[in-house]
Enquirer: 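Quick one: structure below, then a few questions.
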Amino acid sequence: MCEADLRQAVLAKNDDLAARLRDDLARQGVTVVNLLSSPGSGKTELLGRVLARAVERGVPVAALTADLATENDAVRLARSGAPVQQLLTDGLCHLEAAQVRDRLTGWLPEDTRALFVENVGNLVCPASYDLGETLRIALMAVTEGEDKPLKYPTAFGSAHLVVITKTDLAEPAGFDEDAFRANVHRVNPGVEIVRSCARSGDGVDTLLEYVLAAPDAVLHQPPLAPGPHGHGHSHGPDAAHSHAHDAAHSHSPATAAAPRS
């Protein structure tokens, strides 16, 4: 078996497991959020603020955080008061559905409404692996460069939502937000883009509301998988993906379908 065939077999096995995991969690009323970003994007700090806000509001949420080594991020996120588990990949540059499934077994609280999965800091490998998520969110700090969506089209092209982080540094970093938004929409037309700043709390409520009010068309819809040239293609029929994508991006969190009770 050649390397390309082996990779496709690995991805197919992962996708099958992810689909079953997504169905199981959906039946339990859990929205799973896969957070993708480069190292240093600030997603751990922002996620901690989102978890703390959910706990403050009495919304049952939980988090899995992945790293190659150390449990530092789990310790940080646990300060929110939400249940948190650390996933160590032992050098692997991404998470896979089997790792998520195994860590959730016997741990995830029954009343959990949203599970946040903080993926390994990497915009390449993690973008290829469906974790059974219902929402995929790509984050980028203003210090990373406006052309990043063009450099990593699979990560940004497969996202249901894009989050700009560290916006308090936008002016000193010389961040061109209009150029960034244009580049995002080149690889993912119409996707919603949210500004955030963990330090000030800007965007925390918006992000939480988006997750809690996830459109029904997005729920149960797998994220895009990488195509042969690094661009996304849907796991399911093109028409089905197109419908889900249009529905996902035609609603803001305030007007999206009501969250599940």
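Quick caveat, the model's predicted, so the values are computed rather than measured.
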Enquirer: Are any non-hydrogen side-chain atoms of L139 and L35 less than 4.5 angstrom apart?
Expert: yes
Enquirer: Nearest 0.5 Å, please: how far is OH in Y129 from SG in C93?
Expert: 7.5 Å
Enquirer: Short question: side chain of N34, backbone of L131 - any donor-acceptor pair under 3.5 Å?
Expert: no
Enquirer: Could you tell me which residues satisfy side-chain hydrogen bond (donor to acceptor under 3.5 Å, both in side chains) with T112, sequence neighbours excluded, listed by chain and number?
Expert: none
Enquirer: Could you tell me which non-hydrogen atom of A62 sits nearest to which non-hydrogen atom of W107, and how far apart they are?
Expert: CB-CH2, 3.8 Å
Enquirer: Rounded to the nearest 0.5 Å, how far does CG of L25 lie from CZ of R101?
Expert: 12.0 Å
Enquirer: Among D111, V211, L212, find the residue that satisfies the side chain to side chain contact (heavy atoms under 4.5 Å, CB included) test when tested with V59.
Expert: L212
Enquirer: Please find the pair of heavy atoms, one from V61 and one from A82, that lie closest to each other, and give the distance.
Expert: O-CB, 3.9 Å
Enquirer: Just by distance, with hydrogens left out, do E118 and T44 show a side-chain donor and acceptor under 3.5 Å apart?
Expert: yes
Enquirer: Are D24 and R27 close enough for a salt bridge, meaning some N to O gap below 4.0 Å?
Expert: yes
Enquirer: Taking side chain as C-beta onward, heavy atoms only, is M140 less than 4.5 Å from V162?
Expert: no
Enquirer: With rounding to the nearest 0.5 angstrom, report the CG to CG distance, L150 to N183.
Expert: 4.0 Å
Enquirer: According to side-chain hydrogen bond (donor to acceptor under 3.5 Å, both in side chains), who are the partners of R186, at least two apart in sequence or on a separate chain?
Expert: none
Enquirer: Side chains of N14 and D130: donor-acceptor distance under 3.5 Å anywhere?
Expert: no
Enquirer: Look only at the side chain of Q86 and the backbone of T65, and say whether a donor-acceptor pair between them is shorter than 3.5 Å.
Expert: yes
Enquirer: Donor-acceptor check, side chain of S196 to backbone of D202, threshold 3.5 angstrom: yes or no?
Expert: no
Enquirer: About how many Å separate CG of L46 and CZ of F116, when rounded to the nearest 0.5 Å?
Expert: 9.5 Å
Enquirer: Salt-bridge test for E45 and K166: reply yes if a basic N is under 4.0 Å from a carboxylate O, no otherwise.
Expert: no
Enquirer: Going from OG on S41 to NZ on K43, what distance comes out if it is rounded to the nearest 0.5 angstrom?
Expert: 5.0 Å
Enquirer: Working to the nearest 0.5 angstrom, can you tell me the gap between L47 CG and L77 CG?
Expert: 5.0 Å
Enquirer: Under a 4.5 Å cut-off applied to non-hydrogen side-chain atoms, are T89 and L68 in contact?
Expert: yes
Enquirer: In a check of side chain to side chain contact (heavy atoms under 4.5 Å, CB included) between F180 and each of H185, K148, E144, E146, which one passes?
Expert: E146
Enquirer: Please name all residues satisfying side-chain hydrogen bond (donor to acceptor under 3.5 Å, both in side chains) with E96, sequence neighbours left out, ordered by chain then number.
Expert: H94
Enquirer: Side-chain contact, heavy-atom cut-off 4.5 Å: V194 with L207?
Expert: no
Enquirer: Mind running salt bridge (charged side-chain N to carboxylate O under 4.0 Å, His left out) on R20 and D16 for me, showing each step along the way?
Expert: CA-CA 6 Å; R20 286 185 276 125; D16 180 64; 3.1 Å; yes
